[in-house]
Amino acid sequence: MRNLRRILDITWKDHVTNKTVLERTGIPSMFTHLKQRCMRCLGHVTCMEDGRILKDLVYGKLASGMRLTGRPQLCFKDACKCDLKQMNIDNNIWEAAAVDRSAWRSKL
């Protein structure tokens, strides 16, 4: 953000928000960029054949054992489901959409 403010000649006295700076430059926020990267990675994992280690880790469940008490930590798939909900993509059809790469990229 500091470099973008220098390029646009915005000083700290101008009281311009980060959101306004990003809108002026046409660059998405870092959070938006990270969400898109996660969704792209999830699309690649979905298209993998069964039996690959990465796909087994993402789709796997805890078969036995105990978790710590308290709120469970979010796994990658749960975080992606929250991102899908914010992007208004139905959780039931995202896997079918991820198989069609052009449709998946258009949704991101």
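Predicted model only: the values in this text are computed from it and were never measured. Start at 1 with the first residue, then count along the sequence.
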With clusters defined by side-chain heavy atoms of hydrophobic residues (ILVMFWY) lying less than 4.5 Å apart, directly or transitively, does I10 cluster with I7? no
For the hydrophobic clusters of this structure (ILVMFWY residues joined by side-chain heavy atoms under 4.5 Å, transitively), does one cluster hold both M39 and M48? yes
Once rounded to the nearest 0.5 Å, what's the spacing between atom CG of D83 and atom CG of L34? 9.5 Å
May I ask you to test the [X]-[Y] pair for a side-chain heavy-atom distance under 4.5 Å?
| X | Y | value |
| --- | --- | --- |
| R52 | V45 | no |
| R2 | R6 | yes |
| I27 | V21 | no |
| L54 | H44 | no |

If I compare all heavy atoms of [X] with all of [Y], which pair ends up nearest, and what's the gap?
| X | Y | answer |
| --- | --- | --- |
| D14 | D9 | OD2-O, 4.1 Å |
| E49 | K55 | O-CD, 3.9 Å |
| T17 | R5 | C-NH2, 3.7 Å |

Derivation and outcome, side chain to side chain contact (heavy atoms under 4.5 Å, CB included), residues R37 and H33: CA-CA 6 Å; R37 297 289 299 256; H33 186 67; 4.1 Å; yes
